[in-house]
Amino acid sequence: MKILGIETSCDETSAAVVDNRRGILSNVVISQIPLHRPYQGVVPELASRAHFKKIAPVVKEACLQAGIKKPDAVAFTQGPGLMGSLLVGRVAAETLGRIWNCPVVGVNHLEGHIFAAELEGKIRFPLLALIVSGGHTDLVLSFKPGKYRVLGRTRDDAAGECYDKAAKILGLGYPGGPIIDKLAKIGDKNSIIFPRPYLEGTLDFSFSGLKTSLLYHINKRLKRPMNTKIRTSDKPILNPEEISNLCASFQEAICDTLLQKTIFAAKKFGVRQIVVGGGVSANSRLREMFTSICAQEKIAVSLSSLRLCTDNGAMIAQLAIHKLASKIKKSPSKSDPALPFKNWA
Ligand code: KG4
Ligand code: ZN
């Protein structure tokens, strides 16, 4: 069975073909980062227009690379995401489904990030998933595919958003995650001890205080009034050594918090498999920390290769393979349970 997966929930237009036996046959991703860079964030209206322009060539290229004329089914991201962007993917998928006369399946984007791990190896249930992206920071427990319990999530900024805002404060550019990751490698992570927002007694996260703490640090350092708000600067506001030390220390606080909470939850629920997914799972320090602590605790950890951490059509197609298989086994239903967990959006 060959599935075409379409992903347009945010700022990547992607289409991929996944074969249920042979894995990824193609995975075409067009990033809109250059388009949104001048605004230092995703502009929803620009995003949907760009998806509209690119969706047809991206699908065509994915089919061409996979060497197929038509797939056996089309899958698309149904949510969560930007409304206009999602709509472009949905309309494309439904149109193609009619033309090719094949099933069309809408799936959950966050569940897709979990199944990205399966494109490169087996994942065992029960599992604990940490989904960290520009819009989400969710800790999810699952005993079987399709059944999820959200144990905790961010109460304010998502981890990726925190990276992006920090880069804005420091005048480093957009998106902040990969830039801070790179600069942190040459910085001293112990030069400044930023607070770890643990929120005792809950598995929720909170990152907005950490961002404010960075802002106060900069205001103090530049002798600006403490209530000076984030200023957008297109060049670094401190010398390179200070910047890299700040990046390393700030990153350490984010990664430490994500790691501690996840390991605590894994022990609490007796889970031996962790999946880390979403754009922030591309972070080198986070990967290093998870790899080392999970080896120590004898917990299996799945960290996808970098191209599968950020949004892509392959993860959507892979998830759809499960949805289609369980639909074939169970009685077919008209309403697609695309959002598997009511509060998970
Ligand atoms: O999953 P994703 O591609 O899109 C959303 O669904 O949001 O994640 C994008 C986020 C951005 O906030 C970006 O800064 C962050 O992932 N990101 C990273 C890294 N690469 C991307 N954050 C930290 N380190 C990275 N290497
Ligand atoms: Zn995502």
Side-chain angles (χ1 to χ4, degrees), residues 5-14 16 27 29-33 36-37 39-44 47 51 76-82 85-86 89 107-117 129-138 140 153-154 157-170 172-185 187 189 207 210-211 247-248 250-259 275-290 303-316 318-319 344-345:
I6 294 179
E7 158 61 38
T8 61
S9 66
C10 191
D11 60 346
E12 264 106 16
T13 315
S14 177
N27 189 21
V29 183
I30 298 216
S31 168
Q32 299 177 1
I33 287 174
H36 301 292
R37 190 168 278 132
Y39 310 96
Q40 303 214 356
V42 179
V43 183
H51 285 307
F76 68 96
T77 300
Q78 187 160 342
L82 302 170
S85 296
L86 289 168
V107 302
N108 181 285
H109 179 81
L110 301 174
E111 197 182 4
H113 274 304
I114 299 177
F115 281 86
L130 173 69
I131 300 156
V132 268
S133 69
H136 291 86
T137 302
D138 290 3
V140 180
R153 55 177 18 161
T154 184
D157 293 351
E161 188 181 356
C162 187
Y163 267 103
D164 295 340
K165 286 182 176 165
K168 200 168 175 174
I169 295 172
L170 296 169
L172 299 178
Y174 174 83
I179 303 170
I180 292 183
D181 188 358
K182 195 170 161 205
L183 290 170
K185 287 194 177 118
K189 62 182 186 326
F207 290 108
L210 180 58
K211 171 201 67 196
C247 287
F250 184 78
Q251 171 164 282
E252 198 66 11
I254 299 184
C255 295
D256 204 15
T257 310
L258 293 171
L259 179 82
V275 173
V276 190
V280 180
S281 68
N283 184 267
S284 59
R285 180 67 184 137
L286 191 69
R287 295 169 81 88
E288 194 180 277
M289 281 175 150
F290 265 100
L303 290 153
S304 298
S305 54
L306 302 191
R307 72 193 173 114
L308 296 175
C309 289
T310 43
D311 295 347
N312 64 86
M315 67 184 197
I316 301 305
Q318 180 64 22
L319 171 57
W344 200 18

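All ligand and atom numbering here is 1-based and tracks the order in the structure. Values below: all heavy atoms of this structure, side chains included; hydrogens, waters and symmetry mates excluded.
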Applying a strict 4.0 Å limit to heavy atoms, is Gln251 in contact with ligand 1? no
Counting distance only, does the side-chain N/O of [X] pair as donor-acceptor with the main-chain N or O of [Y] below 3.5 Å?
| X | Y | answer |
| --- | --- | --- |
| His51 | Cys10 | yes |
| Arg285 | Asp181 | no |
| Arg153 | Ala158 | no |
| Gln32 | Ala47 | yes |
| Ser31 | Glu12 | no |
| Ser14 | Gly313 | yes |
| Thr137 | Thr154 | no |

Any N or O of [X] closer than 3.5 Å to N or O of ligand 1:
| X | value |
| --- | --- |
| Tyr163 | no |
| Asp181 | yes |
| Gly278 | no |
| Gly160 | yes |

Location of contacts on [X] toward ligand 1, heavy atoms closer than 4.0 Å:
| X | answer |
| --- | --- |
| Cys10 | neither |
| Thr310 | both |
| Asn283 | both |
| His136 | neither |

Hey, which atoms in ligand 1 end up nearer than 4.0 Å to a heavy atom of [X]?
| X | answer |
| --- | --- |
| His109 | 6 (O) |
| Ala282 | 26 (N) |
| Gly135 | 7 (O) |
| His113 | 1 (O) |

Heavy-atom side-chain proximity of Leu306 to Arg287 below 4.5 angstrom: yes
State, with a plain yes or no, whether a side-chain heavy atom of Val42 is found less than 4.5 Å away from one of Tyr174. yes
May I have the step-by-step check of side-chain contact (heavy atoms from CB on, under 4.5 Å) for Ile316 and Ile6, ending in yes or no? CA-CA 7 Å; Ile316 301 305; Ile6 294 179; over 6 Å; no
Could you find the nearest protein heavy atom to [atom] and give me its residue, atom name and distance?
| atom | value |
| --- | --- |
| atom 4 (O) of ligand 1 | Asp311 OD2, 3.2 Å |
| atom 11 (C) of ligand 1 | Asp164 OD2, 3.6 Å |
| atom 21 (C) of ligand 1 | Gly279 O, 3.4 Å |
| atom 22 (N) of ligand 1 | Gly177 CA, 3.2 Å |
| atom 10 (C) of ligand 1 | Gly134 N, 3.5 Å |

May I have the step-by-step check of side-chain contact (heavy atoms from CB on, under 4.5 Å) for Phe290 and Asn283, ending in yes or no? CA-CA 11 Å; Phe290 265 100; Asn283 184 267; over 6 Å; no
Run the numbers on Leu172 and Lys182 for side-chain contact (heavy atoms from CB on, under 4.5 Å), then give the verdict. CA-CA 11 Å; Leu172 299 178; Lys182 195 170 161 205; over 6 Å; no
Taking side-chain hydrogen bond (donor to acceptor under 3.5 Å, both in side chains) as the test, write out the residues that go with Lys189, two or more places apart. none
Below 2.8 Å, which protein N, O or S atoms neighbour the Zn ion (ligand 2), ignoring water? His109 NE2, His113 NE2, Asp311 OD1
Among Leu82, Asn108, Leu86, which one satisfies side-chain contact (heavy atoms from CB on, under 4.5 Å) with Ser9? Leu86
One pair to check against side-chain contact (heavy atoms from CB on, under 4.5 Å): Ile169 and Lys211. What are the steps and the verdict? CA-CA 9 Å; Ile169 295 172; Lys211 171 201 67 196; 4.1 Å; yes
